[in-house]
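Here the structure is laid out as structure tokens; the discussion comes afterwards.
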Amino acid sequence: MPGLDAPLQESIAGRRSLLGLSSPSPWFLTGEELLRITTVGNTAGLTLTIAGRVLTPDSVVHPFEFPHTPNSNRTTATTVQNLSEGWLLGIEVKVTGGTLSFGGVWCLLELVRGQGSAAKVVQALTNDFATPVSPLFWPGESAINSLEGAGNLRAIVGTTPGAGLEITETVPSSTRWELLAFLSTLTTAVAVANRVPMLLLDDGTNTFHEVSDQQNQAASLAWDYTFAQGAAYKDAGNRLLVSAPLPIGNRLSAGFRIRTNTLALQAADQWTAPKYLVREWFDI
Amino acid sequence: MAGSDFVECAACGGVYQCVLADGLEYYHVCPPSRILDDGPDPKDATGAARLTRRVAIDNRRDENIAGLDAKGHPIIKSEGLGIAVVTDVAKLPQPQTAGELS
């Protein structure tokens, strides 16, 4: 068997113990281990391709490749692949179908024994985000937790509330957000009252931040309200735009809410669908 | 406009898309309360002011995922009173413009 040193050749031929001998990889597979990929994603229509190589005991490099489809609702999706006996040389995970921006799918690679709920993890290999251009690879890649990195930048158009209702946007399950900017328009009805909108951040129960420009919006007006990190308290001279700051570097967990609370809101007043920009991570 | 059809929540009247134009899923949650109009404010001689009160919304819908069923399909936290596809064009969100003085 060319390419292998003598002790190793003899070891393989005689199936002796490999302890103390150099080997192509520290990860020897007995044939009972399976490669499991677990993903969390927020983008529909994606296909990942997992490719790798195994060096068998008879010195043959066996490449393997299989597809995986992540879920789009931030629940985990798994695919398991049988591996032949030998040394695991390397693995790459790449987005090969669909469109996504960075941070839209996070992958975990593991060696397991057993199937389904009975599977036992014998070794975690690596985890990181994958894109069409930047793959997740092993060995050599540093493991990146799903809460690390630049996050997935998302521009969201929320719910247009009914008349007389406030805006309520909720951080989805298994998600962590940083709210970067928020914009909506309040059109007040003919009923006389001074409306004073506030933007609230709460944990689903307890409010931990309120911000308002404290401007009175009278009847029959349509004012834009914008809140952004780094913004100043400001209202335009003609009172068409009101801005106020958001906490710098805020973090909102699943179930936390971004909502308006308008003093003296009238039954026929109408908020538009909020448009907001967030950085998103998977909180799993 | 891209994305899925606009739907209206039967509990709160909110209008939204379940899949946004960029392909990402959106999960509606009803606000906790609404403002009800109780008629003219008797203390206001002009009759332009209204009496209002805030009431809780019953059967609130929460589309966030509580878990997966036996087949791996997502289960939402609360169906509420359901949703219906919006057919009235007037209910669809209009392009946002700068505020206008009446």
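Source: prediction; values computed, not measured. Throughout, a chain's letter reflects where its sequence line sits, starting with A, and its residues are numbered from 1. The figures here come from the full heavy-atom set of this structure, side chains too, leaving out hydrogens, waters and symmetry mates.
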Among R34(B), E25(B), E8(B), residue most engaged with chain A (heavy-atom pairs, under 4.5 Å): E25(B)
For the backbone of T159(A) and the side chain of Y26(B), can you confirm whether one donor and one acceptor N or O come within less than 3.5 Å of each other? yes
Minimum heavy-atom separation for D22(B) to A155(A), with atom names? OD2-O, 3.9 Å
Given G162(A), A163(A), S72(A), G41(A), the one with more heavy-atom pairs under 4.5 angstrom with chain B than any other is S72(A)
Region of L36(B) that comes under 4.5 Å of a non-hydrogen atom in chain A: backbone
What part of A193(A) lies closer than 4.5 angstrom to a heavy atom of chain B: side chain, backbone, both or neither? neither
Among residues 264-271 of chain A, which residues come closer than 4.5 Å to chain B, judged by heavy atom distances? L265(A), Q266(A), A267(A)
Okay, T46(B) and chain A: the region with an atom under 4.5 Å from a heavy atom over there is neither
Chain B heavy atoms under 4.5 Å from T226(A): which part of the residue, side chain, backbone, both or neither? neither
Mind checking whether R154(A) and L20(B) have side chains closer than 4.5 Å, heavy atoms only? yes
Residue among L100(A), I156(A), N42(A) satisfying side-chain contact (heavy atoms from CB on, under 4.5 Å) with L24(B): N42(A)
Taking it one step at a time, do Y27(B) and N73(A) satisfy side-chain contact (heavy atoms from CB on, under 4.5 Å)? CA-CA 10 Å; Y27(B) 310 102; N73(A) 54 16; 3.3 Å; yes
Please flag which part of R54(B) lies under 4.5 Å from any non-hydrogen atom of chain A: side chain, backbone, both or neither. side chain
Filtered by a 4.5 Å non-hydrogen cutoff, the part of residues 165-179 of chain A contacting chain B is L165(A), E166(A), T168(A), E169(A), T170(A), V171(A), P172(A), S173(A)
Who among D37(B), D41(B), I57(B), V29(B) has the most heavy-atom pairs with chain A under 4.5 Å? V29(B)
